[in-house]
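Every chain is numbered from 1 and lettered A, B, ... according to where its sequence line falls, protein lines coming before strand lines.
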2 protein chains.
Amino acid sequence: MVVFTNSLNGLRIKTWARPTKGFVRGVLFQHVIMKNVQNPIVIDQNYCPGNLGCPNQDSGVKISMVTYQDIQGTSASEVAVKFDCSRKNPCRNIRLEDVKLSYMRQPATSTCNNVVGSAGGIVVPASCLKKGLVLLAKRGMGNGDEVQNKQVIFRDYYVSGLPKESDLILNAATIELKVPEGSKAVLLKNLYLSCDPSMRVRMKKLPDSASYLPSFRPGSPLYGFGVAKVLDSGHPDFKEGDLVCGLIGWEEYTIIQDSKRVGMLTKIQFTDVPLSYYIGILGIPGLTAYVGFYEICAPKKGEYVFVSAASGAIGQLVGQFAKLMGCYVVGSAGSNEKVDLLKNKLGFDEAFNYKEEKNLAAALKRYFLEGIDIYFDNVGGKMLDAVLTNMRLHGRIAVCGMISQYHNLDEPEGVHNLMSLIVKRFRMEGFVVSDYFHLFPKFLELMRQHIKEGKMVYVEDISKGLENAPAALVGLFHGRNIGKQVVLVSEE
Amino acid sequence: MVVFTNSLNGLRIKTWARPTKGFVRGVLFQHVIMKNVQNPIVIDQNYCPGNLGCPNQDSGVKISMVTYQDIQGTSASEVAVKFDCSRKNPCRNIRLEDVKLSYMRQPATSTCNNVVGSAGGIVVPASCLKKGLVLLAKRGMGNGDEVQNKQVIFRDYYVSGLPKESDLILNAATIELKVPEGSKAVLLKNLYLSCDPSMRVRMKKLPDSASYLPSFRPGSPLYGFGVAKVLDSGHPDFKEGDLVCGLIGWEEYTIIQDSKRVGMLTKIQFTDVPLSYYIGILGIPGLTAYVGFYEICAPKKGEYVFVSAASGAIGQLVGQFAKLMGCYVVGSAGSNEKVDLLKNKLGFDEAFNYKEEKNLAAALKRYFLEGIDIYFDNVGGKMLDAVLTNMRLHGRIAVCGMISQYHNLDEPEGVHNLMSLIVKRFRMEGFVVSDYFHLFPKFLELMRQHIKEGKMVYVEDISKGLENAPAALVGLFHGRNIGKQVVLVSEE
């Protein structure tokens, strides 16, 4: 363990920007604590004092295989990590592992020119990642049967604003296509990924207990529900060739070592439906619609049902459940194309484009002269407020999601009409699908039957290729998808 | 039926402001429709053209016994009724019955100088009532066994602001102490009146279906729950001397003719408790606390319970129910005296003065390290928002009242933390006690037992005399009462 205190330089490699032959290779910096150090980590391949006598500002010295491991503490300057190499002669195989540096109690930043390498564990500052010049989160790095493993890396936490593509980094890691000998790990080839509005919530640092899925880890791949094929398994429950669904990484291959997480994978038994259905109508969105509607809303035949985000992954199913139940159902969506889909393909009695309504409460009044018995809320905010004033005596609101608020999680909009709760004596209840996993077998049987009999349909919006996953996820928050947004990573 | 259309004057009595002897007496104007009339109703006792030659502006002509009956329509000026009499020689016995005049789709106003009389039925405009110069809502006016019947009259609807004493008019009507021959009416001598926060809501014009008790009628006495003694009855279910509780007027005597309303009276069987208990612990507040806690909150032993307005009519009972259930219970109130009462008399585990807390969420966190299982909400607004962030998994909020919002019913505060509904999967449910009247017998038996065994106590704040009723009601909204606010109209 080394401690640097109040010094100008920390861990620095500097070569002169003059035509020189030579190399720096295989350097390991580890277990260092920085206390208010001006330049904690620096690689300067092009040092040129006074900028004189350095034609092309280019060092001939090759820098490679430099590893920074367990470097922690405070930086005296905002930029705590500077990598400045030349374009013609980039620094290669630079690795950051467990580097955590702060400046003024905030994560410090970094700058990166022409550096190639990887970072694993906690990498704060993470700003170099933005440029995609630093490769992160490699697993199974070593020699042997490595293949490329494209990944979608989560850059860093933020509170305000909708997800942007720049919050995600497309990364090319490598992975060995074998589970470690003697382990109970499972190696997956990922086929389909689910784009889910609640992923925005996980881009904020949440207290551990705040959500049924924890926050993403900066510098690691996103993860969520997906469909995959087992390539290798040390676990007795899974064997090569099995198809599974469950929590997987946003990457081409995922190795799951934690036995708890392996235990959360479900083997897919029936392949007479599209595999993507297991992250849609037969997966979490399906079960969510099912428990939200049947368990939380406790519907009765003939009731008046309203669904927001009605053409989405969940909404389209709620509407169809309501029709099967003999309810009158109206959906709202954000484009006329979606409205058309609701009315003409998904069997809603009525639908409207909320973006074309100046007064949402009046729009609802138009469709629900006698009020709303059941509201399945996917959006929160202004629509919820408008619904509150239109509720019917003893109605029920299932609070499933609030996508309208996810851009500003620390300052959500105020909802004003809660007095209606008393006047109309109704119930609002939030729910999370994970509390109802025990209903999955019953649900699956019912849904397969419905699909087989043509009683239910499912509209998907499939984006092809992991490289299009960031755009697909971002598009969700702008309503660009029509139906359930899925990413196809690989055909089986 | 007379119709006035677009005329300057409507029904006008005008006497010159010159020393004259004479009188105008026993005039009846009835069944008139005004269509855009400049001065629909005028009494001008002091007419003085050019203000010349009218020493003291005083007419010697006495004006009395003028009745306006069923005068409806529109006024072309804002002031539709002008009564201008002299101080020395006021106009007496002026009566308005079913006068309803509007100006620009709003109720027109009136001005009143030195007029004494009465108004019955709907009197819009009601602004003269403000001065107390027009006496209203006399019943049983006639000859015979009339006694004075003091009343608290509701002046007019308004949307914003807390109730003020000037919204209520103390009136001295008269009443015959007999029910009409052959009727099934019941004549009550009122003993106790209940002051209830929801009375504010009824001071706004509500759609008929909006509340289980309708809006008050401008110009009529307030009414609400009370205890009374039957003085005379034509109804087979009631006889002289019966004690009853139910909906009665804010007046000394109430005659109830509508058989539906008679049917809503309940005979008091047990007089081994203070009679005021029947509008408190054994009445609507008691049943409200009972159904709210046991039916809506579905409590379990050991759960963490929070009650706002905890020393009030309902809150003090919820806290005691929670303790009987084996829960941990904390209450909030608006003064240190109330906090003391909660902790030392009512058995709450903890209590705090919300007015002394800068950060309500932090205050709740202090008392509920593990979160709140049950919140019994009497206040809404900021406290509700703070509770939302402190709820525990699968908690329950019973929404009983929102007194913090009653001053601004058309623009209630925004509640921001509804996302917690999803994160903590809890339930909010509004309820109204009238949906649970079938539980009353069971409730009454239980409560009498609890009282007898000393398991429950009840703190009342008793204001003596109907003339103090307006102050008592207004005080409720400033938290001046300690315990259930009751008005004692008369000892039995």
Need one label for B:Leu384: side chain, backbone, both or neither, based on atoms under 4.5 Å from any heavy atom in chain A. side chain

Between [X] and [Y], what is the shortest heavy-atom contact and its length?
X	Y	result
A:Asp435	B:His394	OD2-CE1, 2.9 Å
B:His416	A:Glu413	ND1-C, 3.6 Å
A:Pro412	B:Asn417	CG-OD1, 4.5 Å

Could you have a look at B:Ser420, B:Gly380, B:Gly414 and say which one has the most heavy-atom pairs with chain A under 4.5 angstrom? B:Gly414

State whether the number of non-hydrogen atoms from other residues, nucleotides or ligands found under 6.0 Å of A:Lys382 atom NZ is greater than 12. no

Within a radius of less than 6.0 Å around NZ of B:Lys365, do more than 12 heavy atoms belonging to other residues, nucleotides or ligands occur? no

From A:Met428 atom CE to B:Ile397 atom CD1, the distance as rounded to the nearest 0.5 Å: 10.0 Å

B:Ile422 CD1 to A:Asp377 CG distance, which is reported to the nearest 0.5 Å: 7.5 Å

